[in-house]
Amino acid sequence: MPLTLPNVLPKLQALLPHFSPPLSIDELLASPFAQQLQTALSLSDFLSEVLHKQPHLVAQWAQLPPSLQTCTDYPARLQAKLIAVESEEQLHALLRRFRNREMAALSFCQSLNLMTVEQTFTALSQLAESLIVATRDWLYPKICQELGTPVNKCGQPQPLLILGMGKLGGFELNFSSDIDLIFTYPEKGETVGARRSVDNAQFFIRLAQRIIKALDQHTIDGFVYRTDMRLRPFGDAGALALSFAAMEDYYQEQGRDWERYAMIKARLMGEDDSNPYHQQLKTMLKPFIYRRYIDFSVIQSLRDMKAMIEREIRRRGLVDNIKLGAGGIREVEFIVQVFQLIRGGREPDLQHRSLLNVLPHLVRLNLIPTEEAQALQAAYLFLRRVENVLQAINDQQTQLLPQNEQDKVRLVFACRQFSVLNAAGEAETIAYPIEDWDDFYRVLQQQQHSVRHVFKHLIGDENESQEEQSNDSIWNDFLHFGDNEDYLNSNLQTYSFSHELQQTLQQTLAQFYRDTQRRQIGQRGRDVLNKLMPSLLDKLFAHEQVESVLPKILNIISKIVTRTTYLELLLEHPSASAMLIRLSAASPMIAEQIANFPILLDELLDHKTLFNPPPFSEYRNTLKEYLMRIPQEDEEQQIDALRQFKQATLLRTAAADILEVLPVMKVSDHLTYLAEAIISAVVNLAWQQTAQRFGTPQHLQDGQKNFLVIAYGKLGGIELGYNSDLDLVFLYDAPTGSQTVGGKRSIDSSQFYLRLAQKIISIFSINTRAGILYEVDMRLRPSGAAGLLVSSINAFRQYQQQDAWTWERQALVRARAIYGETALRQQFEQIRADVLATPRDLTLLKKEVREMREKMYEHLAETQAGLFNIKTDAGGITDIEFIAQYLVLANTPQHPELSRWSDNVRIFDSMAQSGVLSAEQAQRLKRCYVDLRNKIHHLNLIGKKSIVSDDQFVVERAYVREIWQLLFAD
């Protein structure tokens with residue numbers, strides 16, 4: 001088919017008299033503007049119609065043709081014209097002429113690629129919003145004259161707020177789109193200032209009716225926008241306008257998944273962040289749209305919606321529908337919005353209304369691969385280009401490919417090349433190998449195929465879902481006969497278990513069945529459970545450790561059985577359920593954590609992330625970004641978020657540990673720096689809350705806190721384990737007599753730091769639904785439990801130099817500053833170095849270290865005969881730590897470099913370098929220490945104490961005792 005655009009020469013000739021001065025046809029055809037106009041008229045009959053009705057535009061455009069720069073500032077230009085309008089009839093006429101004139105300009109720009117696809121539908125959306133807001137603002141005072149001004153019980157005037165839904169809300173409006181609106185107002189009340197008061201609801205319904213009439217009614221000038229109100233609460237049966245309270249009640253009690261889907265793009269027309277009513281409405285709607293947890297319940301709902309649309313297409317015999325058909329615009333929207341609904345509550349970056357703004361964040365969050373996102377973006381822009389060109393032909397809302405040859409040529413011409421925005425936000429032209437209709441159709445099908453591929457991969461379809469659910473399993477009827485002895489025996493006999501094991505498994509299954517029957521699960525939850533259990537039981541009974549893993553998994557299922565979204569997560573992601581079984585079999589600790597905190601199931605979705613914890617040096621920044629999602633004023637959510645972050649990171653670390661991706665030293669690094677990041681966040685949160693009440697100490701400069709957190713023990717030694725407490729000491733620096741300023745009540749600065757310390761401990765210790773954060777041990781502070789919760793750094797220096805016991809100086813070996821300004825950290829490091837380098841009576845030191853070790857053994861050792869307690873028994877971890885501490889205290893006066901490190905491995909390296917130990921002694925002690933710690937880690941993972949048979953670690957224990965005797969023998 002030759003590419004010949006419609007002949008528009010007669011139309012051009014008809015416009016000649018309207019040029020100023022008038023032009024001959026030859027003069028017209030010679031002008032660059034005429035060539036542009038000829039192309040634009042060829043692609044749009046609507047443009048020709050508008051110019052015929054408003055011919056003065058021709059002369060205006062000849063002087064200044066439409067462009068990206070001229071198609072702007074709609075509100076101001078519209079307002080300037082509305083000043084002279086006195087009646088609703090005049091309003092209707094002006095709105096329609098203005099709309100048609102601006103749409104004609106946008107058609108001109110689109111035809112000549114003077115705007116990108118994205119800029120076109122943004123401009124279309126801005127135009128619509130301007131017309132809607134202007135219509136409301138013109139009609140509101142008119143109706144106030146008739147019915148009075150609506151006010152609340154305090155006498156404050158009440159506005160009408162308009163939510164633009166769908167593509168209007170997302171700045172993605174089509175060329176000839178309907179507009180979906182919802183009308184709402186803040187509070188109930190009555191009107192004032194008229195002869196007879198009416199209820200606010202009556203006022204706003206009347207206003208809404210007049211707005212719809214002004215926009216939707218067909219007149220001699222056409223219409224402004226077809227207006228659809230069916231997305232409002234209760235649909236066609238609902239009131240045209242509802243109060244905020246009525247809206248909130250509806251969405252909390254009756255809101256459905258498709259309404260959440262629609263609300264993703266909801267945007268207030270004329271949105272103003274400084275308007276408290278605007279903020280109130282957005283805050284009210286957000287929890288309905290974006291759940292705080294990851295919500296997989298929407299997948300089946302969206303799949304059902306898509307299936308319903310497909311059935312409607314088949315029923316109506318629709319073919320070549322670029323919006324609703326397979327691989328069409330709607331599927332791209334479904335793909336993006338399903339991620340927004342599932343994860344938007346946890347990922348604010350997914351809360352954009354614009355589809356194209358969300359796509360890059362899906363890649364950044366590893367939810368879809370880069371290639372799929374690029375394919376979706378390219379397909380979406382191509383399909384939207386086709387849609388807008390189609391609709392601009394006659395200003396008709398259509399997504400069906402044309403049947404007539406003229407319109408086919410128009411599409412071929414317009415889609416060969418067009419402009420889009422690149423990653424830098426600049427316009428660039430993309431070209432497709434399109435010369436005729438066959439080429440166009442082939443490119444279109446390629447784009448639709450790429451969308452369909454991603455859609456089926458991520459969401460699936462009705463038929464695939466049914467096929468997966470019909471898989472044959474002997475457990476298909478488990479939720480019907482789960483406590484029937486014959487049914488269970490018959491099934492279990494197929495696995496050739498021993499009689500004893502079969503009896504145990506039967507009892508476990510029957511008990512689980514009885515428990516679930518007593519729970520209030522709901523029909524949807526029971527349907528999901530009925531689909532999940534057969535496949536889950538098949539996997540469990542194929543596992544070699546079925547006896548131990550079955551109770552763990554059934555315990556997890558029993559904990560989530562009333563939380564359908566988590567059941568759907570496991571159903572929709574078989575790899576997640578397989579990973580759950582794998583990790584639970586390897587670690588009772590993980591199984592217990594997931595049972596107690598099901599939100600951790602979210603972490604099983606991405607195996608790449610699961611087995612690759614972030615670099616431990618990035619924990620502070622990662623946590624900071626994580627907390628930025630939570631409003632600063634919401635203390636409960638902030639504290640919950642800290643716990644969730646800790647649990648999720650622990651799970652990732654444990655998973656990497658189990659699969660031996662991380663060696664024990666790296667495991668401790670991750671656990672240590674995770675704790676440090678959380679401590680930093682807790683201090684900042686506690687500071688913010690304490691300062692709100694008391695202000696801040698007057699001696700501080702901007703950004704200063706003069707507060708220091710010292711880590712002791714395993715945290716100080718960068719050797720934290722899965723179940724380790726945090727040994728902390730708090731220090732501050734403030735001049736005597738300093739007071740707080742800027743708070744509700746001024747207090748002494750020392751009292752401020754005490755309140756701060758108390759708040760920190762409270763945040764760590766408070767037991768929320770996500771558990772406690774860490775057990776915090778403060779007994780290593782000066783004077784122990786009898787001392788102040790926080791000390792000045794000068795008091796700490798004096799105590800360490802004059803009053804500290806030997807065991808406290810031993811503890812100082814493993815101490816380091818983990819939070820605070822650099823200058824304060826340096827002060828602490830100098831105190832520590834000075835104390836450790838103080839010359840000592842070695843005979844007395846040896847005696848006191850030995851006696852302290854004997855006392856610990858006497859009070860802490862609980863090992864039975866034939867067993868070895870890795871931590872407390874002779875030759876174990878504690879002996880090695882005491883050896884390191886004694887050697888540091890004894891030798892730092894001669895070798896100051898020994899005070900540099902707080903972790904035992906590097907302390908032993910330093911001793912080898914300084915000659916305090918031979919290289920062989922240091923290496924063997926390090927190896928003993930790491931092997932024993934490794935064993936403790938793995939015992940923690942499987943939920944066991946740090947006790948093994950005494951035939952283990954025989955060589956290591958003997959060597960540690962040999963060194964002990966060498967150092968401490970009388």
Side-chain angles (χ1 to χ4, degrees), residues 118 170-172 261 264-265 286 289-296 298-299 302 331-381 420-426 428 450-451 453-455 457-459 569 572-573 575-576 579 599-631 641 644-645 647-649 651-653 655-656 670 674 677 681:
E118 301 95 324
F171 283 108
E172 299 164 341
Y261 176 87
I264 282 177
K265 290 187 179 296
K286 186 175 179 180
I289 308 168
Y290 296 110
R291 305 286 163 81
R292 285 169 62 175
Y293 51 83
I294 293 187
D295 181 11
F296 281 88
V298 298
I299 294 182
L302 292 179
E331 285 194 358
V332 185
E333 294 170 341
F334 271 21
I335 291 166
V336 173
Q337 287 179 261
V338 75
F339 284 117
Q340 290 182 278
L341 287 178
I342 290 171
R343 295 180 176 273
R346 295 271 298 277
E347 299 290 348
D349 286 341
L350 300 186
Q351 293 177 15
H352 290 284
R353 301 181 186 97
S354 165
L355 179 149
L356 292 173
N357 285 339
V358 175
L359 270 175
H361 295 294
L362 296 182
V363 175
R364 183 183 60 79
L365 293 168
N366 296 315
L367 297 176
I368 60 174
T370 302
E371 310 77 56
E372 288 188 357
Q374 291 171 343
L376 289 175
Q377 178 165 324
Y380 180 74
L381 290 171
V420 299
L421 293 177
N422 60 23
E426 300 167 342
E428 68 177 18
S450 64
V451 173
H453 173 75
V454 180
F455 181 85
H457 169 64
L458 291 174
I459 299 180
L569 182 156
E572 295 288 345
H573 294 81
S575 62
M579 183 55 64
I599 197 170
L600 293 175
L601 287 168
D602 304 338
E603 302 299 323
L604 306 182
L605 297 175
D606 186 349
H607 294 180
K608 182 180 177 182
T609 302
L610 180 63
F611 298 134
N612 292 279
F616 49 75
S617 58
E618 290 297 314
Y619 277 132
R620 291 198 189 207
N621 289 335
T622 305
L623 178 55
K624 186 177 179 181
E625 291 175 8
Y626 190 85
L627 292 175
M628 285 174 65
R629 311 166 181 173
I630 312 297
Q644 290 166 8
F645 182 82
Q647 290 158 2
T649 308
L651 177 63
R652 294 179 189 175
T653 305
H670 279 275
L674 166 64

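Note that the coordinates shown come from a computational prediction; the quantities given were computed from them, not determined experimentally. Quick note: residue numbers are just sequence positions, from 1. Only heavy atoms go into these numbers, but all of them, side chains included; no hydrogens, no water, no symmetry mates.
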Closest non-hydrogen atom pair, [X] against [Y]:
{"X": "Glu331", "Y": "Val451", "result": "CB-CG1, 3.9 Å"}
{"X": "Leu600", "Y": "Leu651", "result": "O-CD2, 3.7 Å"}
{"X": "Lys286", "Y": "Gln351", "result": "CE-OE1, 3.2 Å"}
{"X": "Ala373", "Y": "Val363", "result": "CB-CG2, 3.3 Å"}
{"X": "His352", "Y": "Gln340", "result": "O-NE2, 2.8 Å"}
{"X": "Val454", "Y": "Glu372", "result": "CG1-OE1, 3.7 Å"}

Next on the checklist: Could you check whether any side-chain N or O of Glu172 sits under 3.5 Å from a backbone N or O of Leu355, counting only pairs where one atom can act as donor and the other as acceptor?
Outcome noted: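 Yes.
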Checklist entry - Hey, is the main chain of Leu421 close enough, under 3.5 Å, to the side chain of Glu118 for a donor-acceptor pair? => result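 It does hold such a pair.
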Is there side-chain contact between [X] and [Y], with heavy atoms separated by less than 4.5 Å?
{"X": "Phe339", "Y": "Val358", "result": "no"}
{"X": "Glu333", "Y": "Tyr261", "result": "yes"}
{"X": "Leu362", "Y": "Leu350", "result": "yes"}
{"X": "Phe645", "Y": "Leu674", "result": "yes"}
{"X": "Leu569", "Y": "Leu604", "result": "no"}
{"X": "Leu365", "Y": "Arg343", "result": "no"}
{"X": "Phe455", "Y": "Val332", "result": "no"}
{"X": "Leu627", "Y": "Leu623", "result": "yes"}

Next on the checklist: Which label fits Tyr619 and His670: parallel for a plane angle under 30°, tilted from 30 to 60°, or perpendicular past 60°?
Outcome noted: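 Answer is perpendicular, since the angle exceeds 60°.
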Checklist entry - Partners of Glu603 by salt bridge (charged side-chain N to carboxylate O under 4.0 Å, His left out), sequence neighbours excluded? => result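 In terms of salt bridge (charged side-chain N to carboxylate O under 4.0 Å, His left out), with neighbours along the sequence ignored, Glu603 is linked to Arg652.
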Item to check | CG-CD1 distance between Leu376 and Ile335, expressed to the nearest 0.5 angstrom | outcome: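 Between atom CG of Leu376 and atom CD1 of Ile335 there are 4.5 Å.
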Next on the checklist: Return the CG to CD distance between Asn422 and Glu428, rounded to the nearest 0.5 Å.
Outcome noted: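 If I round to the nearest 0.5 Å, the distance is 4.5 Å.
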